[in-house]
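Please read all numbers here as calculations on a predicted model, not as lab measurements.
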Amino acid sequence: MNQTHLCNTTKIYVVNGQLPGPTIDITDGDTVVVHVVNRLPHGLTIHWHGVRQMRSCWSDGAGFVTECPIPPGGEHVYRFNVTGQVGTLWWHAHVTCLRATVAGAFIIRPKGGRYPFPTPAKDVPIIIGEWWELDLVELDRRMHDGNFDDNPLSATINGKLGDLSNCSGKPEESFVLDVVRGDTYLLRIVNTALFSEYYFKVAGHTFTVVGADGYYLTPYKTNMVTVAPGEAIDVLMAADAPPAHYHMVALANQPPEPDPQIPGFMSRGLVRYAGSSHNNNGLPVPTPLMPSQHNTMPSYYFHSNLTGLAHPDRHRVPMHVDERLFFTLGLGSICRGTNKTCERGRSPQTIVVATMNNVSFRHPTNASLLERYYDGRTSGLYTEDLPDHPPHPYNYTDRSLIPPGPLEKALEPTFKATKLRRFRYNTSVEIMFQRTALLQSDSNPMHLHGYDFLVLATGLGNYNPKTDPKKFNYHNPRLRNTVQVPRTGWAAVRFVTDNPGMWYLHCHFEFHIIMGMATAFIVENGPTPETSLPPPPPEFKRCGANGLTKP
């Protein structure tokens, strides 16, 4: 449909005529059936971000990983059960950059409606996103060609640009949250943006963080929420200020130079108290004081202060580790065309790519990894030799590696390949994600489909295997499907491979996905039918020769 913002009318892709898309609202234990009709001129899949998909990998909706895209004019049915999760998740398109507008909240309510905190008067999804005038499929094509110069024009809150954006002197419409003094509101904050992590504040108010990614957290009081792409944060906000109007602000953060710079993005909404005058009694509307957009430390402190609301089953940390992986996350380059050698250092002879352990993932374009794995037809599609460690150690967080130089140029060369990692059923896995400073020092929100990480610790600088394990939280770590690896820092996570199938692991910055910071984990079947991946359900549609699902 068409929408007009900033004096320009733009064609956008939406679900059921809504931006953001419709909220799916269920109760813990429900089975969900979603009938998707694709009226777009492009193929797409829908991913149920954070849903564990126990033994329902076929419905995960990861394009070319668990299924081929639904073709234009095609239909698909997703069917899955949601048990043991309560809180906020979300859904989004998982082909090209369509998730910028094809996305919505996925709310899971507790059985009996009982929360471990006072029941709020109302809960409100706060969807933070971006406004793009460039066609999202064209954006995807340009990034695949190595062109990363395009940027959104604004941030959005629930699809609204806010009154900071204007043209011809006319402010854009703002999202308005109407409140009653004395009531408490559950804000379900989701970051659907392609490019940026966001700071979120409301002037004159504080938050109590109570959940994230479909699990409860130990209540944590703060005046600012940090939410990275892929994350969902649940907070309580008490309407305890004098009745008036108050601005809410979402501000994108990014590392300072010498990192590559993008424009600053901000959206502003309004909290409006019942009984307050339409013009706020002639007084200026308070605006929260925000951090510098180049100060990424508030994100580190916010995430470090989150702990799980201890649960004897869900938060039991496996103390024995069967497999330890050390994944370096960074950038590199490949030569353009068929050249084997080329000038490095952001040279026009190269394409900058993203890597894990110096491997840049080559995404399939005409086959589903899960389908071919299940059928035993994997020859020529992928290999199972993703390295457990980087090819050679170096000072990963040396910020002199950001601008091109002799040492950076020596570390920059890499290659594209579809390398996966296989695990036996019921394997205890520890992953150490180490962010590097190669060509860029940005953070990385790492998302694993079909699983939740137990986040044991995060830190700044290079991980020290002798001293840093002393910081691990074995008592009440937070469960997260997306872990924010801090800028030039590290994150330690564990999980047990109890869900057989093919599971996509990737950074949730869209440009990093396209650049290749991704892989997939194969989890083998267990010893019984109840611990094995079942056959494809009757509604599952297999891939055709054109890389789209068959009619």
* Where do His392 and Leu411 land on the side chain to side chain contact (heavy atoms under 4.5 Å, CB included) test, with the steps shown first? -> CA-CA 10 Å; His392 46 263; Leu411 294 168; 3.4 Å; yes

* Asked: Run the side-chain hydrogen bond (donor to acceptor under 3.5 Å, both in side chains) check on Asn499 and Tyr451 step by step: do they pass?
  -> CA-CA 8 Å; Asn499 193 11; Tyr451 284 90; 5.3 Å; no

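- Applying the salt bridge (Lys or Arg N to Asp or Glu O under 4.0 Å) test to residues at least two apart or on different chains, the pairs with a partner in residues 430-443 are Arg324-Glu430, Glu430-Arg494.
- In this structure, His363 has its ring center closer than 6.0 angstrom to the ring center of Phe361.
- For Lys471, the NZ atom counts as densely surrounded, since its 6.0 Å shell holds more than 12 non-hydrogen atoms of other residues, nucleotides or ligands.
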* Is there a salt bridge (charged side-chain N to carboxylate O under 4.0 Å, His left out) between Glu412 and Lys409 once you walk through the steps? -> CA-CA 5 Å; Glu412 188 181 317; Lys409 289 182 180 180; over 6 Å; no

* Intermediate values then yes/no, side chain to side chain contact (heavy atoms under 4.5 Å, CB included), Thr192 and Ile128 -> CA-CA 6 Å; Thr192 68; Ile128 298 173; over 6 Å; no

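- Residues meeting the side-chain hydrogen bond (donor to acceptor under 3.5 Å, both in side chains) test with Asn366, sequence neighbours left out: none.
- You'll find the side chain of Met502 reaches within 4.5 Å of the side chain of Ile522, heavy atoms only.
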* Asked: Stepwise, does the side-chain hydrogen bond (donor to acceptor under 3.5 Å, both in side chains) test hold for Glu510 with His512?
  -> CA-CA 5 Å; Glu510 191 69 21; His512 280 164; over 6 Å; no

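- Looking at Asn473 and Thr307, their side chains come closer than 4.5 Å, going by heavy atoms from C-beta outward.
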* Under the side-chain hydrogen bond (donor to acceptor under 3.5 Å, both in side chains) criterion, do Arg268 and Ser174 qualify, and how do the steps go? -> CA-CA 7 Å; Arg268 193 162 73 177; Ser174 297; over 6 Å; no

* Check the pair Ile126, Leu187 against side chain to side chain contact (heavy atoms under 4.5 Å, CB included), reporting the backbone distance first and the verdict last. => CA-CA 6 Å; Ile126 302 290; Leu187 307 185; 4.2 Å; yes

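- At least one side-chain heavy atom of Leu194 sits less than 4.5 Å from a side-chain heavy atom of Leu139.
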* **Derivation of the side chain to side chain contact (heavy atoms under 4.5 Å, CB included) call for Trp503 and Val523** => CA-CA 8 Å; Trp503 303 108; Val523 176; 4.0 Å; yes

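- Note that OH of Tyr220 and OG1 of Thr218 are 12.5 Å apart. Values are rounded to the nearest 0.5 Å.
- Annotation: Phe195 is in aromatic contact with Phe511 [ring centroid separation under 6.0 Å].
- Of the residues Asn158, Ile157, Thr156, the one that meets the side chain to side chain contact (heavy atoms under 4.5 Å, CB included) test with Ile127 is Asn158.
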For residues 146-153, run the donor-acceptor check on the side chains, cut-off 3.5 Å, and write out each pair with its distance to 0.1 Å, sequence neighbours left out.
unit_1: Asn147; atom_1: OD1; unit_2: Asp149; atom_2: N; d: 3.0
unit_1: Asp150; atom_1: OD1; unit_2: Arg142; atom_2: NH1; d: 3.0
unit_1: Asp150; atom_1: OD2; unit_2: Arg142; atom_2: NH1; d: 3.4

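- Atom-to-atom distance recorded for Thr418:OG1 and Leu369:CG is 7.5 Å, nearest 0.5 angstrom.
- In summary, the aromatic rings of Tyr504 and His94 are positioned with their centroids under 6.0 Å apart.
- How far NE2 of His389 is from CE of Met432: 10.0 Å, rounded to the nearest 0.5 Å.
- The closest side-chain heavy-atom distance from His49 to Leu89 is not below 4.5 Å.
- No close placement of the His447 and Trp90 rings is indicated, their centers lying 6.0 Å or farther apart.
- Asn253 has its side chain out of reach of His294: every pair of non-hydrogen atoms, C-beta onward, lies at least 4.5 Å apart.
- Between Tyr394 and Tyr396, a ring centre-to-centre spacing shorter than 6.0 Å is recorded.
- Residues Phe200 and Ile189 have side chains in contact (heavy-atom distance under 4.5 Å, counting atoms from C-beta outward).
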* Decide salt bridge (charged side-chain N to carboxylate O under 4.0 Å, His left out) for Glu323 and Arg421; before the verdict, give the C-alpha distance in whole Å, the side-chain angles of both, and the deciding distance to 0.1 Å. => CA-CA 11 Å; Glu323 305 240 19; Arg421 183 65 160 76; 2.5 Å; yes

